[in-house]
Each structure stands twice: as C-alpha cells, then as structure tokens.
Amino acid sequence: MEYDFKSTEAKWQKYWAENKTFHAKQAEDRPKYYVLDMFPYPSGAGLHVGHPLGYIASDIHARYKRLKGFNVLHPMGYDSFGLPAEQYAIQTGQHPAVTTEVNINRYREQLDKIGFSFDWSREIRTSDPAYYKWTQWIFLQLFDAWYSKDLNKAVPIKDLIDTFVIQGNKGVDAVCAEGTPQFSAEEWKEMSKNERQDILLNYRLAYLSESEVNWCPALGTVLANDEVKDGVSERGGHPVVQKKMMQWSMRITAYAERLLTGLDPLDWSDAIKELQRNWIGKSEGASVFFGVKDNDAKIEVFTTRPDTIFGVSFMVLAPEHKLVETITTAEHKAEVEAYIERTKKRTERERLAEVKNITGAFTGAYAIHPFTGAPVPIWIGDYVLAGYGTGAVMAVPSGDQRDWDFANHFNLPIPNVIEGADVSESASESKEGKLCNSEFLNGLPVKEAIKKAIDAIEERQIGTRKVNYKLRDAVFGRQRYWGEPIPIYYKNGIPKAVKTEHLPLELPEVDKFLPTEDGEPPLQRATTWNYDPEKGVVANGEGFPLETTTMPGWAGSSWYYLRYEDPNNTNAFADESAVNYWKNVDFYLGGSEHATGHLLYVRFWTKFLFDMGYIPFDEPAQKLVNQGMIQGVSKFVYRVEGTNQFVSKGLRKEYKTSAIHADVSFVNEHNELDIDAFKAWREDFKGAEFILEGGKYICGNEVEKMSKSKFNVVNPDELIEQYSADALRLHEMFLGPIEMHKPWNTQGIDGVTKFIRKLWRLFHSGENESFVVSEEAPTKAELKALHTAIQKVTSDMERLAFNTSVSNFMVAVNEFTSLKSNKRSILEPLTILLSCHAPHVAEELWSLLGHETSIVEAQWPEFDEKHLAEDEFNYPVSFNGKMRFTLPLSAGLSKDEIQDAVMSDERTQKYLDGKTPKKVIIVPKKIVNFVV
RNA sequence: GCCCGAGUGGUGGAAUUGGUAGACACGCAGGACUUAAAAUCCUGUGGCCAUUGUGGCCGUGCGGGUUCAAGUCCCGCCUCGGGUACCA
C-alpha cells in the first residue's frame, strides 16, 4: 500500500484539533517550557515558503521538548494592527477590521495545513479590543510612573507628588525632560493644577512633548526612526521631512543602562546583542560649558575626548540650536539666517546624500575657552545634529575627522595636541600617544589624560562627568486609524488618563480612514470621540475631547508573550499564577530585522512591568534564535529592445536586450521557459516571438528577496498539495542551518519525498506492501544503527541543527532498508525520533504499531553507548599529513601495538621507502601520522 | 567608514573539541524492471593526469604563518550578504 499523505495528514490534523492535543495547562509536576515565534502581521499576500521556516523550526523544538518531558507552551497569534490594512482601507473604503479578518483566516488555513503543534485556544490578535484593553492599561501604567535614579527603577507617580509636597523636586534624582525647573514645596503648593500637570509630564514614562518628528506628508503620519530608511518611509517609500509636533513618547532612555547591561546574560546571538549595544550607543565623557564673549549665554557640549580640550580651535552649533539667534552678530545675521533656511529645506535624505559637501556659517560670536580664556569662534554647521547630545560640539580638528574636514574647508587652525601626530592630511583619532601643547595634561597618555581632564573640569565647575546614550525616546503616537486608541482625554488642554473601568477605549467608526482636511488624524472624523469620566465615551460636544492619535505597531507586540500565558483573562493582562508559572519565554524565534525595534521595546516594557511588581522577571526571552531569510530565485527573459522578441539567455549578448522578470512557475528545473504559459500571462506578451537555442528558451537566474513584484514567490500550499506537509517541513529544514539566509530551491524536495516513501516501506514489507512488523529481538547491527541515530539526532536537536537531523534520518532509514529491518524494537524509537520533523507520517505509523494515544505522549528514546562499542577502528595512516591508506585495527590496542601493526603493513614500507620516520604520531581511535 | 555574518563539487550543504574534506540529498551519466512511461532499484559522479588494476598531483575565496596535522587557529587582503551611520 502506497502512503496516502493527503488523507493521512488531514486525519491527524483533525485528530490534534479534536483531542486538543496541544492545549497547554499549568501543570506543576513537569517543568514548563515556553516556545514562541514572533507572531506575523497577516498580510493580504498570504504565507510564502519563507514564513514557515521559523515556525517549522520552533515547532520541531517544541515537539522535542514535549517528548523530553517538558510542559510546553507553544502559542500563535497575529500582530493585526498595521499600515497595509489601513492603506487598503483608504483605497477601497473597506474597514481594516474586515480585511484583517479575511487575511487572518487565510493565514490560519495555511498554517493548519503544515501541521504545527500550536495551542490555538490561546490565539491572540492585537487588534481585538479584549487584547488592546490591556495594551491601553499598560500605557496608563507608564503614564502614571516616573523613573527614580536612586532606586534605579520605575515608581508610581503619586510617590513623586508626595515628595513634591514635602520638599519640592530638590533631591529628586529622576530621569526627566531637559530643562525641568527646580522648585520648592512651597512653590509646588502655589502652582495651579495645570502647572503641576505640566511639571509631572516632564517625569512620566509616557509623556507628551513637543519633539522633532519624521513627518511623512504622503502617509499623513509620523514615523519612528527605525521606520525611516534613507529619508523615505520604509513602507511605500514616500519622502519624510522633519517637523515639530506635540507627540506622545515613551521614556525608554530611562532604561538605557539596564537595557545595555541586561544583554550580557542572555542567550542571544552576539550579532543581535551587538546591534542593540550600538543602538543604545553608550559613550562616556564629559559635559563642558563654554562661556560666550560679551554674552551671558553658556554653550554646553558633550565630548568623549575631554583630554583634547586644548586642541579646540572653534565650536560648531547645530543650525537648529536655540542659542544661534541670540549670539549671532549683526554683520553675520544675514549669512547665518540664509544658512539656516537652506538647512531647513534640505531633507534628511539630501543631507545624507551629500556627506562630502561641507557647509557652515560663522556667527561672528566667540566662545571663551574655559581653561585658556582664549576666544574660540562659533560656527554653525549641519553636520552637528540638534537631536544628539547637546546639539553643539567643541571642535578638535586634530582629533576628529569631521572637525578636521570642517576646519580644512573654512581655513580654521588645526592645533595638534598629541605628541608626534601628523595632522596635516587628516585627523589623528587614535587613543594612543601622549598629550602635548595641553598645559597640565602634557606628557600624559590619553587614557590618564581623559581622567585628569574630567577631574579638572569638575574642580573648576565648568562641567561634569557624563554618560551619553545614542538611544532616543520613542515616539508613540501615530496619525492613523488602525491602531490602539491612546486612552487619554484633555481637560483644559491637560492630558488625563481614561479610567481603567472604561477600558477598552474602542476604536470609533469613521466615514473615511484618511486624515481630515486640516491634517488631523482620522479619529478626528468620529462623531463620538469625547469622554466623560463618569459616563465613558460620549458624543462630540459633551465631556472632553479624546486623544486622536493611535499607538504604533510595536505597542501590541511589546507584551504579547505575556497574554498567551492567560489569554482570556478579563481582570488582568494575565493572572499572577500564570506569569509565575510560565514566566518568560525560554525559546524565542524570529527574524533579525527586529533587532533594534521590537526586541528593544519588548525588553523595555518587560523591565517596566517588573519594576511595578506585575511580573517576576525582567527580560522577555532567555534564548533568542534568528532564522535566516529565504530568498527567491527570480527568472529572467531577455527582450530585444524596441521589439516583442525574446532571446534565449545564451544568445542575448548578440542583441541589445532588457531583462524582464518571468513568473517562476513558468520555468522548469532546467531553466527552460514554458513559452505558451508565458504568452498567456500578460496581454503584451501574446504576440511575442522567441529566439531559441537548441530548440529551447533558457531563462536567467538571480537571487533576490522573495516578493510578489519579482514574481519569484513560491507558495507552500501548492507544495503541500503536491508533496505533503511532512515533505515541506523536512525540505525546509534540509535546506541548511536555520540561522542562515538561503535561496529557495524546490528541486531537492524530491529527496525528502523519497525518504518518506522509503520510511513507509520499512513498515510495509508484507505481501502487496501490507503492514508487517516483527516482534523479534534486534540484531547487533540494527541496534548500532538505531543508537547511532539516537545519539546524532539528539545532539542535532540540542544544537538546533535541524538540517543534519534530516540527513541522519536518511542514513538510518537507508541502513534499516539494507538490513531489511522491520522489528518493532527498532521501528518504534525511530518513529519517535522522526515525529518532530514529520509528525503526520509518524502519527500514522505510531497508530499502525498499535498505539492508541498520540505519539506526542511518547518519550524521547534513550541513547545507550554500549551498542556503539566498536571492536575495530579503521585507522587513517598519513605520511607528512597526507592520508595514504586506512588500516582496520582492534580498538583496544595501545600506542605501541598500533605502531607495530602499522609498521608491519607493507604499504607503510612502501611509503617510507627505506627511510626511518623522524617521528610517529599516534592518537588512539583517531589517526596515525608519520613524519618522514 | 564602522559593526556582524558568510565564502567548501554542477547545486543545497556536512565535517560538533585542529585528526580520513565533500556525509546526506539534488542534479547529471549509465544500467535493471516496463510494450512504454511513472514509480522503484543498482552503479558512477571534486578537478587534472595515468590506467587492466594498484596509482599520482592538485583541491575548502586569495597570500602568508603556527602545527606531526588547518575547511577549522593566527596575520594581511578580496568578494558577497545583513545591519548601521554626519553620534561629537
């Protein structure tokens, strides 16, 4: 009987669903193990073969852990708020909730066919009000919290208010906005309610402030830094400009140090940790104040090289720096203003594109060097960014290349401060060498000089030691419809929290999903978008206006792993017992593109919830694995320019051609084009003519990102239809190591398909291929093959080497086939070994073997070394490191015995050619090497 | 520029601690079975040279080095992929 995968796979998928095989329960008798995939955004295009790669790997791991006796939690859900659904809604008028529902159903259908062990009873959707109620609740916790540097944790805001009443903000060491004023208890008491709220906004972890944002006019929305690529929006590629706007932000910078140090113990790849470290961008140095000649203003700069302060020959302010206006002298005013105007017009994209183009303007003002008292000319230049550090630099052209370039361009002096450094052609950025021309720092090596310089700066009270982070607070508001409403209303312009009993604050209905005519967010269109603290949401005209921006995509995904632990709880984001039992994720798998976005935010929220005492751990995932991207192999046809003629690849050099993507489904494994299918594909190819080589049209190849627009998408459904889900699972794993990027190649899928058939035949060696299994005791050879497989596959599973485990299955099945092995004692453990990769066929075989319960209830087979014991070892014999022949010898021989045996072999004598070996290296059970 | 990763047959890849390079597959070639095809099975398959056979030389991006022994370790380059960027 041939293996009928279609009915078998459907049967077991139904069985798993009906028997709730994968429903996780809090069971204290087994250790818990939480396996999580980064949940998908359900796009309209459905899954392509790249998506399941990670899901298959994590599924194998989850199934393995289950067989090893763990109580496994392996959930799945959808990150269902997002821009594509909204864009589609804008174009078609369809409510995003409707298209999202359709897309989710399609995803679910596709996922179900692959046979995953997900606990679907825990499915979540970030756009479900029952879910985002808690996203909003966490937002309010952040709104009602501040960060105490003394306690190094987040604390409820009411503690801060209590302190203000007693002592004002003197002695309060908090992470707060720049320029927060000092006040006493008396002053606090005299403030109006509004003034107090304004002050508190400087401390809240979710706060409203005017900030420079990436405004995208085409999308009518603000984008986060990591959503802007090369000055255009990541999605859609629309231009982005800088604009000041009142925005909700998250004070993630409060957690910069903990986000950095917390990385060390995590079992994440070094690459990802390094990315996060660079993103956080800690630098240590000093903040120094420079006075301004004939002016009361002080210019604060941050420098990592305070030792080079005697090398300062000018200062540069960002054109946006607030002091520029006050210090510019009358005669330079026109020039400076013109320069500022010019900078404003340039988008970030242009500024990026013109790195080599050095520009700036002199303000006419001079700073006073804090040590020498010398006048230092103050310039403005757009290479200094307003948003980083203090927006001003003390320029040390001898020690910083950008300063050097600027000095060189404007003919400013370049004084050297490092002994022996040559600064005539470029700056000397090395931290080696000793200081010179630097008064009290002369003769000191750089590292010591830095210390001494900072001490001197602090002594003279012209600055302080300072740690600076590149990490910026995260903009949290979006001018969009399809996101979580921010649960805030405005009373006299002061933001106030919506009462938790009124959560979820549900998205209102709107007539259109576009911004309003005056550029207000789509929520402004709602007719019911006001709030009364007594009644909840009320019609416009009553109560107070609600916030109209919505949360960004990363809000819902910043805590979703916690919701899976108790997905239907209506009283809390998750019950205490659930978070205490399941804790954080043991194994998290997803793409490395989320390294600095999602993975930083989810760590931030986790630390915050930990600080507030809601969860007993402060990292979301102990182990993180990044799966590689599956690339598509695009196929090209070559059209002769100006004609409708297509020339085969080998002949294209003879013509002037342009390459055009052809759908991969028209091209076979020999790169031959199905001409009829191609002609029928598009109207303009109907009359196409073809110049063939050898009677065939050969296409070109290129590895590119798998994408609809490149016509190289391979759909998993079709492969499952043709080859089976088990074959797809095995094949995707067999392609290579999980973390590597690799081009998709359907050809090899025949190999794993044959393997499944071969496996099936091991169990069906009876007449007419009927099922037959022997109860006889296994032979030594069978046991050896079995235990070799157990040992190798177990190690593969532990190392997540799912590609080599597939090879090892093949080796085992090939071996048992040639041994004609059909013994239960062999086939049962083999079936268990395979069941994580190919669960459908394994379940079927398991039940044929007479088991009444699912194979997931089985135990992973134990490896026993005694079956591997070798009597002989086949020694490779090398001469000067070159392997010449092998010699089987008893495994128990001593070094001397081995040498004697090898020396007496006639081949040894041949290679020695009468010479006496200088040295003989013998490593028992490894190698014999003669040095001649 | 900087940071991370990778480079092995025609292809995907294997070699876990320095110890027989190319496991396992795909593809290809030849053969068996078949009226034929599919399916299945068998044989061969890194390159070059030699050959009845035994064999010889070269070979893991390139150039050096360490070592009895290097795909693996060290130094210097090249190429590709990913990330990131006027970050003071």
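All chains are named by letter (A, B, ...) in the order of the sequence lines, taking the proteins before the strands, and each is independently numbered beginning at 1.
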Checking understanding here: a glycosidic angle within 90° of 0 is syn, the rest anti, so what is B:G83?
anti

Mind calculating the distance between [atom1] ([X]) and [atom2] ([N]) to the nearest angstrom?
X	N	atom1	atom2	answer
A:I380	B:A88	CD1	P	22 Å
A:Q627	B:G81	CD	P	21 Å
A:R472	B:C87	CZ	P	12 Å
A:E815	B:C24	CD	P	11 Å

Can you label the angle between the A:F809 ring and the A:H837 ring as parallel, tilted or perpendicular, going by 30° and 60°?
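Ring orientation of A:F809 relative to A:H837: perpendicular.
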
Contacts of [X] that satisfy side-chain contact (heavy atoms from CB on, under 4.5 Å) - sequence neighbours left out:
X	result
A:A392	A:I299, A:V301, A:L317, A:H321, A:T390
A:T304	A:S283, A:F302
A:V923	A:I921, A:K926, A:I927
A:F289	A:S287, A:K298, A:E300

Between protein and nucleotides 5-11 of chain B, what N or O pairs are separated by less than 3.5 Å?
none

Establish, with yes or no, whether the OP1 or OP2 oxygen of B:C24 is under 4.0 angstrom from a side-chain nitrogen or oxygen of A:N814.
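No, because none of the side-chain N or O atoms of A:N814 sits under 4.0 Å from OP1 or OP2 of B:C24.
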
On the nucleotide B:G1, are OP1 or OP2 found under 4.0 Å from the side-chain N or O atoms that A:R402 carries?
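For B:G1, neither OP1 nor OP2 has a side-chain N or O of A:R402 closer than 4.0 Å.
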
What pairs with A:D896 under salt bridge (charged side-chain N to carboxylate O under 4.0 Å, His left out), at least two apart in sequence or on another chain?
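Result, salt bridge (charged side-chain N to carboxylate O under 4.0 Å, His left out) vs A:D896: none returned.
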
Set of salt bridge (charged side-chain N to carboxylate O under 4.0 Å, His left out) partners for A:D267, sequence neighbours left out
A:K623

How does RNA chain B read in dot-bracket, base by base from 5' to 3', with Watson-Crick or G-U pairs under 3.5 Å and | used when the partner is on another strand?
(((((((..(((......[....)))((((((.......))))))((((.....))))..(((((..]....))))))))))))....

Rounded to whole angstrom, note down the C1' distance from B:A23 over to B:U16.
14 Å

Rounded to whole angstrom, note down the C1' distance from B:G63 over to B:G13.
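Comparing C1' positions in B:G63 and B:G13 gives a spacing of 27 Å.
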
Between the protein and nucleotides 50-61 of chain B, list every N/O to N/O distance that falls short of 3.5 Å.
unit_1 : atom_1 : unit_2 : atom_2 : d
B:G56  : OP1    : A:Y911 : OH     : 2.8
B:C57  : OP2    : A:R884 : NH1    : 3.1

With rounding to the nearest 0.5 angstrom, report the OH to CG distance, A:Y875 to A:L889.
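Between A:Y875 OH and A:L889 CG, I get 6.5 Å after rounding to 0.5 Å.
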
Looking only at side-chain N and O atoms, does A:Y469 offer a donor or acceptor that is under 3.5 Å from a partner on A:T253?
no

As a test of reading the structure: which of [options] is closest to the side chain of [X], going by heavy atoms?
X	options	value
A:S807	B:C24, B:G13, B:A21	B:C24
A:T804	B:A21, B:A15, B:C4	B:A15
A:D382	B:A88, B:G19, B:C86	B:C86
A:I927	B:U20, B:A88, B:C3	B:U20

The test is side-chain contact (heavy atoms from CB on, under 4.5 Å); show your working for A:T303 and A:V393 and say whether it passes.
CA-CA 7 Å; A:T303 175; A:V393 300; over 6 Å; no

Return the polar atom pairs (N/O with N/O) between nucleotides 37-40 of chain B and the protein under 3.5 Å, or none.
unit_1 : atom_1 : unit_2 : atom_2 : d
B:A39  : O3'    : A:R757 : NH1    : 3.3
B:U40  : OP1    : A:R757 : NH1    : 2.7
B:U40  : O3'    : A:R761 : NH2    : 3.3

Contact check, residues 789-799 of chain A vs RNA chain B, heavy-atom distance under 4.0 Å, returns A:S795, A:R799

Would you list the protein and nucleotides 66-68 of chain B atom pairs, both N or O, that sit under 3.5 Å from each other?
unit_1 : atom_1 : unit_2 : atom_2 : d
B:C68  : O2'    : A:N929 : ND2    : 3.1
B:C68  : O2     : A:N929 : ND2    : 2.9

